[in-house]
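Presented below is the structure to which this report refers.
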Amino acid sequence: MQIREAKTSDCAAIAQVQVDSYRSAYASIFPQAYLAHFTHEEQEQDWRNLLSSGSRDILCVAETDASEIVGYALGQPGPTEVAPYDSELVALHVRRAHQRHGIGRRLIADMAERLRRHGCASLMLWVLGPNPARAFYEQLGGQYLGIKPWCNNDEFKLNVVEAAYGWLDIKILCAP
């Protein structure tokens, strides 16, 4: 297993992980109709657009020895909406069959190191309130920072909150 920076040739595989993860991890949170509107093709194009945009965002993938993409992490260096945090983990997804094998932890460690090299000293993230992944972030030492309403499109009118977690010292997340 290796963690590496994503390439445009990875976009289809990243979209597959993303959409499949949404549909399984969020099945008890969102209605099926909402989850069904995410398509592999649309998400693949979104990832291509991100990687070709010249943005400062960092996208890393977890790749097996057989060259299968089984997870990804998206990070953003720079000020967040929660002071004093200066970077955000925007997304972290690992295929269900590969969860609980340390891949998520490795993706976060790698992302934290990359963000640190971009000059970031702290990290925060938002996670859906009912998402059991909150326990994972708490196990990593994330401090609960509060909640906010989750913003979504008006078509589905979903009433969900997001919880924020943060690490004031990004170094504790970095790989040893």
Side-chain angles (χ1 to χ4, degrees), residues 3-6 10 14-15 17-19 21-22 24-26 28-30 34-35 38 43 46-47 49-51 53-62 69-96 98-153 158-176:
I3 308 297
R4 62 170 174 76
E5 197 159 330
D10 298 323
I14 296 168
V17 171
Q18 177 188 18
V19 173
S21 181
Y22 281 12
S24 65
Y26 303 151
S28 65
I29 300 172
F30 296 128
Y34 175 75
L35 295 172
F38 292 98
Q43 298 309 308
D46 286 351
W47 292 117
N49 293 345
L50 175 78
L51 289 176
S53 71
S55 125
R56 292 183 61 213
D57 292 0
I58 301 166
L59 180 59
C60 296
V61 295
I69 304 294
V70 296
Y72 71 90
L74 175 64
Q76 292 178 336
T80 69
E81 64 182 281
V82 180
Y85 297 92
D86 62 2
S87 69
E88 182 173 348
L89 180 66
V90 178
L92 174 71
H93 290 278
V94 176
R95 285 194 177 282
R96 184 178 293 286
H98 294 273
Q99 292 176 1
R100 302 198 183 282
H101 297 288
I103 297 168
R105 187 177 303 264
R106 286 185 59 196
L107 280 162
I108 288 176
D110 185 87
M111 180 60 66
E113 179 58 33
R114 290 173 192 272
L115 289 164
R116 191 188 65 72
R117 288 194 305 251
H118 273 80
C120 300
S122 59
L123 176 71
M124 62 87 52
L125 60 85
W126 292 99
V127 60
L128 293 172
N131 190 335
R134 290 178 66 173
F136 171 69
Y137 299 121
E138 290 167 1
Q139 287 173 351
L140 291 177
Q143 298 300 304
Y144 173 75
L145 304 174
I147 61 170
K148 71 174 183 176
W150 178 69
C151 296
N152 63 309
N153 64 35
L158 303 173
N159 186 19
V160 178
V161 297
E162 290 181 290
Y165 287 88
W167 295 262
L168 285 170
D169 184 358
I170 202 169
K171 287 183 266 179
I172 66 169
L173 291 170
C174 294

- Message: Test side-chain contact (heavy atoms from CB on, under 4.5 Å) on Glu81 and Trp126; report intermediate values, then the result.
- Response: CA-CA 11 Å; Glu81 64 182 281; Trp126 292 99; 3.6 Å; yes
Please report the C-alpha distance between Leu59 and Ile14 in whole Å, then the side-chain angles of each, then the deciding distance to 0.1 Å, and finally whether the side-chain contact (heavy atoms from CB on, under 4.5 Å) criterion is met.
CA-CA 10 Å; Leu59 180 59; Ile14 296 168; 3.8 Å; yes
- Take Arg134 and Tyr165 through the side chain to side chain donor-acceptor pair (under 3.5 Å) test and state the conclusion after the steps. CA-CA 9 Å; Arg134 290 178 66 173; Tyr165 287 88; 3.0 Å; yes
One pair to check against side-chain contact (heavy atoms from CB on, under 4.5 Å): Leu74 and Ile58. What are the steps and the verdict? CA-CA 6 Å; Leu74 175 64; Ile58 301 166; over 6 Å; no
Original post:
Using the ring of each side chain (for Trp, its six-membered ring), is Tyr22 parallel, tilted or perpendicular to Tyr26, with breaks at 30° and 60°?
Top reply: tilted
Could Arg114 and Asp110 be called an ion pair, given the rule that one side-chain N must be under 4.0 Å from one carboxylate O? yes
So the salt bridge (Lys or Arg N to Asp or Glu O under 4.0 Å) pairs with at least one residue in residues 115-126 (sequence neighbours excluded) are Glu113-Arg116, Glu113-Arg117
Sidechain-backbone polar pair: Trp167 side chain, Leu140 backbone, donor-acceptor under 3.5 Å: yes
Contacts satisfying side chain to side chain donor-acceptor pair (under 3.5 Å) that involve residues 82-91 (not counting sequence neighbours) are Asp86-Ser122
Looking only at heavy atoms, the pair that brings Gln76 and Asp57 closest together is CG-OD1, 3.1 Å
Practice task
Can you establish whether the number of heavy atoms outside Gln143 located under 6.0 Å from its atom CD is more than 12?
Solution key: no
Listed pairs under 3.5 Å, donor-acceptor, residues 89-96 side chains, sequence neighbours left out:
residue, atom, partner, partner atom, Å
His93, ND1, Ser21, OG, 2.7
Arg95, NH1, Asp20, OD2, 3.3
Arg96, NH2, Ser24, O, 3.4

